[in-house]
*Asks:* 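Here's a structure for you.
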Amino acid sequence: MPLLATLPGTMPTRASQLFLPTLRDDPAEAEAASHRLLLRAGLIRQVGAGLYSFLPAGWRIHQKVVQIIREEMDAIGGQELLMPLLTPAELWQKTGRYGVSELYKLNDRNERPFVLAMTHEETVTFHATELNSYKQLPQIWYHFGTKARDEPRPRAGLLRVREFIMKDSYSFDRDEQGLDVSYWKHAEAYRRIFDRCGLEYYECESDVGLMGGSLAHEYLAPCDAGENEVALCDRCDYSANVEVASSVAAAPAFAPSREQPEEIETPNATTIDALAALLGIDPRTTSKAMPVVGPDGQLVLGLVRGDHRLHELKLQKALGGEFRPAHPDEIRTAFDADGGSLGPVGITIPIIADETLRTGNYVAGANRNGWHLLGVEAGRDYQARFADIREVSAGEGCPRCGGTLRIEPAIEIGNIFKLGTRYSVPLGAQFLDEAGEQRPLVMGSYGIGPARTLAAVIEQHNDDKGICWPAAVAPWHVHIVAMNAAGEEVVAIAEQVSAAVEAAGHTVLLDDREKRPGEKFADADLLGCPVRITVGKKTLEDGAVDVKLRATGEEGRVAVAAVPARVGELLR
RNA sequence: CGGGGUGUGGCGCAGCCUGGUAGCGCGCUCCGUUCGGGUCGGAGAGGUCCCCGGUUCAAAUCCGGGCACCCCGACCA
């Protein structure tokens with residue numbers, strides 16, 4: 001065996017000894033591209049629903065992503081630490097999150113209640129109580145910590161799981177201005193991280209949720225398997241999760257305005273489609289009424305244009321809390337009519353109407369079964385509170401520039417969030433300012449899931465043969481295929497090339513297995529290291545090897561001595 | 001939580017309706033062959049048929065209950 005190959009630090013990974021169980025067939029359970037390829041390439045294995053082990057090659061990739069995140073977090077002054085998964089229930093009781101349904105709860109042998117952390121705001125704020133002075137601020141702390149979440153439905157391999165490692169960081173500032181600085185520092189770090197990972201992504205303003213923050217962005221990587229939908233403008237850089245996106249709906253041609261609404265008999269027309277067909281009108285000139293019971297227990301009528309869909313989250317925000325659809329008997333009592341014939345005219349319950357309905361005249365339910373009203377106008381025929389409560393749909397106008405919106409699926413790979421004092425107040429994390437006054441720390445929290453990031457990379461970088469890793473996150477830079485591995489000369493040259501490539505600073509997987517060429521090539525394509533080098537009799541006749549770029553398929557013969565330089569060029 | 005589906009060697013599946021010998025392809029081991037895109041031939045190893053209960057002389061198969069996993073939806077700090 002050549003001496004070089006035995007020296008520490010110059011050992012390539014040998015495929016003959018590597019636990020890399022690639023699969024020839026697609027696993028039956030895998031639907032999403034990343035899920036299928038992670039399993040087939042031998043990178044992960046499922047242990048239970050939403051529970052995965054990273055196999056050696058997969059873990060290398062995870063570590064690559066982690067290291068990129070670490071470098072960029074350190075670059076903005078982050079300090080790495082580590083917090084436990086198992087946490088006392090008391091912390092969660094103090095912040096009011098003990099009731100969250102995703103929390104895994106358990107008791108110790110003394111029946112003391114514990115929680116498996118789903119995120120670490122509670123724990124980190126507990127530590128932040130040791131920050132005492134404005135002189136110590138700002139601080140950014142981060143860790144790669146395991147999170148456990150009792151997800152209602154884990155899915156698509158690593159895209160939604162019940163246990164995962166998350167880079168979560170937390171900033172502590174004296175005031176909103178300070179928080180703003182920490183927040184945008186994170187945004188910059190996140191852009192660098194995802195750029196380095198080779199991801200296409202959108203930085204979107206997102207919903208602050210029920211956590212009561214003041215600003216949040218999420219980083220969404222477009223891909224078919226995504227669980228989120230992003231609205232994107234074809235003209236400007238507007239991008240927003242449909243949960244918060246707004247749009248300009250084109251106005252239809254309305255019927256001529258009437259002096260007052262006119263009743264019309266509409267037997268059996270209890271859906272917008274049926275109504276529009278019966279009257280021969282544009283569904284966009286109708287309105288749709290959905291009675292709901294708001295957070296205070298009061299009945300409220302939500303009103304949107306006939307062709308629009310009510311957006312639950314938006315209505316929830318407009319109502320100030322959760323709501324449910326009204327029951328049929330509640331509807332009967334309040335409207336003296338049934339669902340399908342409801343409208344805003346002549347009722348006493350409050351109305352929340354979508355902004356679109358401010359102008360124009362619409363066909364609306366008459367609150368009399370089998371009848372509708374023509375020419376209903378907001379303001380004249382009913383009074384409503386207006387709000388944006390409808391879903392954005394593709395083809396509508398960009399709220400910023402008037403361009404056309406399209407909607408794409410995407411996966412959330414990171415988020416940044418201005419928390420304010422949501423956790424510092426209940427957990428008593430305060431500091432003393434110059435004036436000697438006690439003030440709560442102003443916090444931000446920021447998350448990235450390395451595993452989800454890596455899955456998103458696969459979603460965006462694959463072909464019919466397998467994965468095409470960007471060099472920065474590839475398990476190895478170079479995959480050397482030694483043809484006819486029993487041949488001594490081929491093996492010797494393969495090891496020599498391997499050592500030279502490693503000496504130039506690149507990592508190598510050396511396929512020294514005694515397998516047929518086809519199988520080795522298939523595995524190399526599947527695993528997707530950016531550069532493949534083939535050493536065989538044919539190449540050695542030329543004193544050369546073949547160097548192939550996985551992503552493009554471009555291949556060329558390169559003299560053995562020139563290989564490190566060529567590899568360097570390709571990986572740049 | 002609602003709907004749909006699947007549980008049979010490591011992987012992908014057939015067998016189940018119509019009860020009786022557990023089978024195919026891939027992979028694995030050994031021998032030979034072949035050696036630049038999953039070669040060919042031969043010989044082998046490997047299975048509580050998800051679990052529990054019932055019916056029956058006899059259950060992978062029929063019946064009851066449970067569990068697990070997948071997909072759709074709800075949900076998703």
Side-chain angles (χ1 to χ4, degrees), chain A residues 19 21-32 35-36 39-40 42 45-52 92 95-104 115 117-122 147-157 159-162 166 168 170 206-213 216 218 225-228 241 243 312-313 316 322 324-325 411-412 415-417 419 422-423 443 445-447 449 452 464-466 481-487 490 511 513-526 532-541 545-546 548 553 555 557:
Chain A
F19 179 46
T22 56
L23 303 174
R24 189 167 183 165
D25 303 312
D26 277 334
E29 73 270 19
E31 201 92 340
H35 187 197
R36 191 165 42 80
L39 288 169
R40 275 198 63 200
R45 283 295 181 265
Q46 184 177 44
V47 177
L51 301 171
Y52 286 88
W92 301 82
T95 62
R97 292 214 288 181
Y98 193 55
V100 171
S101 54
E102 277 76 23
L103 271 192
Y104 278 108
V115 161
M118 58 184 294
T119 171
H120 281 80
E121 279 84 5
E122 277 78 2
K147 307 286 178 276
R149 297 182 183 180
D150 192 355
E151 289 288 347
R153 184 153 99 85
R155 62 174 289 272
L159 293 184
R160 179 165 292 277
V161 292
R162 294 198 290 181
M166 178 167 160
D168 39 329
Y170 304 90
S206 70
D207 181 42
V208 294
L210 302 171
M211 306 219 350
E218 54 194 7
E227 302 187 284
N228 297 81
N241 193 316
E243 288 176 3
E312 287 194 22
L313 206 63
Q316 190 172 313
E322 293 188 15
R324 63 167 173 82
I411 182 74
E412 181 186 348
N415 60 29
I416 57 179
F417 205 100
L419 289 174
R422 163 74 178 80
Y423 295 92
M443 293 173 53
S445 80
Y446 318 88
R452 204 186 250 191
D464 56 339
K465 293 192 164 108
V481 177
M483 304 295 309
N484 190 7
V490 168
D511 190 349
R513 296 173 304 168
E514 292 189 29
K515 296 270 189 188
R516 302 275 309 176
E519 188 172 351
K520 291 186 164 196
F521 288 143
D523 276 350
D525 290 340
L526 189 54
R532 187 185 84 189
I533 295 178
T534 306
V535 186
K537 275 191 194 130
K538 289 185 184 174
T539 62
L540 292 183
E541 285 165 10
V545 297
D546 286 336
K548 183 172 186 176
E555 182 165 30
R557 192 147 291 187

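Reminder, nothing fancy here: chain letters follow the sequence lines and each chain counts from 1.
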*Asks:* Tell me, for nucleotides 41-46 of chain B in 5' to 3' order, what letter each nucleotide earns: B for a base near a protein heavy atom under 4.0 Å, S for only sugar-phosphate near one, - for neither?
*Replies:* ------
*Asks:* Select one nucleotide: of U34(B), C71(B), C69(B), the one nearest the side-chain heavy atoms of Ala49(A).
*Replies:* C69(B)
*Asks:* To the nearest Å, give me how far apart CZ (Phe521(A)) and C1' (U39(B)) are.
*Replies:* 15 Å
*Asks:* Return the set of residues passing side-chain contact (heavy atoms from CB on, under 4.5 Å) with Ala148(A) (not counting sequence neighbours), or none when no residue passes.
*Replies:*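 Checked Ala148(A) against side-chain contact (heavy atoms from CB on, under 4.5 Å); matches are Leu85(A), Tyr104(A), Leu116(A).
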*Asks:* Does any nucleotide pair with G23(B) by Watson-Crick or G-U wobble geometry, both distances under 3.5 Å, and what is it?
*Replies:*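 Base partner found: C13(B).
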*Asks:* May I have the distance from Lys520(A) (atom NZ) to G38(B) (atom P), rounded to whole angstrom?
*Replies:*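 Result: 14 Å.
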*Asks:* Give each protein N/O atom lying under 3.5 Å from an N/O atom of nucleotides 6-13 of chain B, with the pair distance.
*Replies:*
none

*Asks:* Could you identify the nucleotide paired to G32(B), looking across every strand shown and requiring Watson-Crick or G-U wobble geometry with both distances under 3.5 Å?
*Replies:* C40(B)
*Asks:* Anything under 3.5 Å between a protein N or O and an N or O of nucleotides 73-75 of chain B, put it in a table, one pair a line.
*Replies:*
residue : atom : partner   : partner atom : Å
C75(B)  : OP1  : Glu312(A) : OE1          : 3.2

*Asks:* Rounding to a whole Å, what distance do you find between Gln46(A):CD and A68(B):P?
*Replies:* 13 Å
*Asks:* Sequence neighbours excluded, which residues qualify as side-chain contact (heavy atoms from CB on, under 4.5 Å) partners of Glu31(A)?
*Replies:* none
*Asks:* According to the Watson-Crick and G-U wobble definitions, with both distances under 3.5 Å, which nucleotide is paired to U48(B)?
*Replies:* none
*Asks:* Go ahead and name the base partner of C67(B); Watson-Crick or wobble counts if both distances stay under 3.5 Å, otherwise write none.
*Replies:* G7(B)
*Asks:* Searching all strands shown, indicate the nucleotide that pairs with G73(B) (Watson-Crick or G-U wobble; both distances under 3.5 Å).
*Replies:* C1(B)
*Asks:* Could you measure between the two P atoms, the one in A60(B) and the one in U8(B), and give it in whole Å?
*Replies:*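 My reading of the P atoms in A60(B) and U8(B) gives 15 Å.
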*Asks:* Using a cutoff of under 3.5 Å, can you pull out all pairs of nitrogen or oxygen atoms linking the protein to nucleotides 27-29 of chain B, with atom names and distances?
*Replies:*
residue : atom : partner   : partner atom : Å
C28(B)  : OP1  : Lys515(A) : NZ           : 2.6

